[in-house]
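Only one structure is covered here, and it is reproduced in the block below.
The analysis underlying the following values was restricted to heavy atoms, covering all of them including side chains, and did not include hydrogens, waters or symmetry mates. The first residue of the sequence shown is numbered 1, and numbering continues consecutively from there. All ligand and atom numbering here is 1-based and tracks the order in the structure.
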Amino acid sequence: MPTVLTESVTKPVSNSVVAARPWVVPILQCRECGKGLKLAQAASPKQPDHTQDLQCTACAYSVPVVRGIPRFVRTDDYVSSFSFEWTRFSTTQLDSARGWTQSEERFQESFDFPLSELKDKWILDVGCGMGRFAEIAAKHGAHVVGIDLSYAVEVASTNLARWPNAQVIQGDARRLPFFPESFDIIYSLGVLHHTPDPRGAFEGLLPFLKPGGKISITLYSKYNRVYVASTNAWRRLTTRLPNKAVYGLSHLSIPLYHLYRIPVLGFLGKAFWPICMHPDPEWRLLDTFDCYSPKYQNFYDHPEVYRWFREAGLQDIAVLEPAISYIGRKA
Ligand SMILES: C[S@@+](CC[C@H](N)C(=O)[O-])C[C@H]1O[C@@H](n2cnc3c(N)ncnc32)[C@H](O)[C@@H]1O
Ligand SMILES: [Zn+2]
């Protein structure tokens, strides 16, 4: 069930961000008439944290900015499981909170150049979740815009509050509110396979890339056929359950991990009911919930994703380590 902004799930983790970053405004485009937007004081505030509006400079189009986050959608549509997930696991994978570099190492694997080259680039993080990768891009000096359809934006904005070069937007990757050719780099890690039309969503990102800019994506791999068959079978049930029930069931991953490390028993257990096997129990719980709760979940192989890139006219296409990951350059 989609949730609207006024409900309690949207309560901020903290109020540390109160206004949109002015530097993001020049790349925002009115989706009614195609002209630019401007920031203004909220004309008719609907709640205490609604302090600004983004108004079209030419027509009556306007979107609220609530807690510093422009809201280009009115609900979280089909991603309510992610609103639930990132509200509960707001810092589980956040390097700065955990005092480790796991997300930074994973982020580096999504590029065929060092992260230091992100400095001063305009970057779009599509499906930013709670902002773990945007944090790394910001740390490396990029202007990074994180967009997500879910109320993960509440925690992402808080997680990124200390970075004046980061801006979070609540919006739909399939209807981006930017002028064409706004970004040097677009990345979308673990997101497009959760949309109803992943290839269409991928192709829809390309107009927003500058000529010569790079796009990097990661999708779920279909090569572990037992895992795919088993999770798909379970998901026929779990995607019909309330998020709280799937969350409860996912707690089994905490003790099962130890059982699944026993040879033979583990092999059979993982085939019957796959769980995330991360050594950190909180991460394990998060990723097990992440596997069984999203409404849409698709799996891919290399020839198919390579074809997306080739047929979109991308150049310098490279396959990267995390399956299935590709990067390409716009001609
Ligand atoms: C598995 S999470 C990945 C989050 C982040 N990229 C990471 O790896 O930590 C997938 C995210 O994609 C977002 N998402 C799914 N469909 C979307 C859409 N159409 N537009 C924007 N975000 C979307 C979900 O809300 C969710 O936060
Ligand atoms: Zn307009």
Chi angles and distances behind the side chain to side chain contact (heavy atoms under 4.5 Å, CB included) call for Y306, I317: CA-CA 8 Å; Y306 178 72; I317 302 168; 3.9 Å; yes

Sub-4.0 Å heavy-atom contact, G171 with ligand 1: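 Judged by the 4.0 Å heavy-atom criterion, G171 does count as contacting ligand 1.
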
Residue-ligand contact Y296/ligand 1, heavy atom below 4.0 Å: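 No, that is not the case, since the closest heavy atom of the residue is not under 4.0 Å from the ligand.
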
Six-ring centre of F84, R88 cation under 6.0 angstrom, axis tolerance 45°: yes

Electrostatic pair D197:R174 at N-O distance under 4.0 angstrom: no

Short N-O contact, D316 and R329, less than 4.0 angstrom: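 Result for this pair is yes, salt bridge flagged.
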
Distance from [atom] to nearest protein heavy atom, with residue and atom:
atom: atom 7 (C) of ligand 1; result: R132 NE, 3.6 Å
atom: atom 12 (O) of ligand 1; result: V191 CG1, 3.3 Å
atom: atom 16 (N) of ligand 1; result: Y78 OH, 2.9 Å
atom: atom 2 (S) of ligand 1; result: F82 CE2, 3.6 Å

Ligand 1 contact on D77 by region, counting heavy-atom pairs under 4.0 Å: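 No part of D77 comes within reach of ligand 1.
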
Passing candidate, ring-ring contact (aromatic ring centres under 6.0 Å, His included) with H194, options Y220, Y296, F299: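 Going through the options one by one, the only one that passes is Y220.
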
D125 N/O to ligand 1 N/O under 3.5 Å: no

Any N/O pair V79/ligand 1 closer than 3.5 Å: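 No, no N or O pair falls under 3.5 Å.
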
Pull out every atom of ligand 1 sitting under 4.0 Å from any heavy atom of [X], numbered as shown with elements.
X: G190; answer: 1 (C), 2 (S), 3 (C), 10 (C)
X: R174; answer: 19 (N)
X: F133; answer: 7 (C), 8 (O)
X: G129; answer: 4 (C), 27 (O)
X: A173; answer: 18 (C), 19 (N), 20 (N), 21 (C)
X: D290; answer: 1 (C)

Metal site angle (apex the Zn ion (ligand 2)), SG from C30 and SG from C33, 10 degrees: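 Centred on the Zn ion (ligand 2), the SG/SG angle is 110° (to 10°).
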
Winner among G127, S150, S83 once heavy atoms are compared against atom 6 (N) of ligand 1: G127

For atom 25 (O) of ligand 1, the option (of D148, T195, D172, L149) bearing the nearest heavy atom: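 That would be D148.
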
In one Ile/Leu/Val/Met/Phe/Trp/Tyr side-chain cluster, 4.5 Å: L115, I327: yes

ILVMFWY cluster, L149 and F208 together (side-chain gap under 4.5 Å):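 No, no single cluster joins them.
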
Worked check of side chain to side chain contact (heavy atoms under 4.5 Å, CB included) between K222 and Y300: CA-CA 5 Å; K222 67 156 66 151; Y300 294 90; 5.6 Å; no

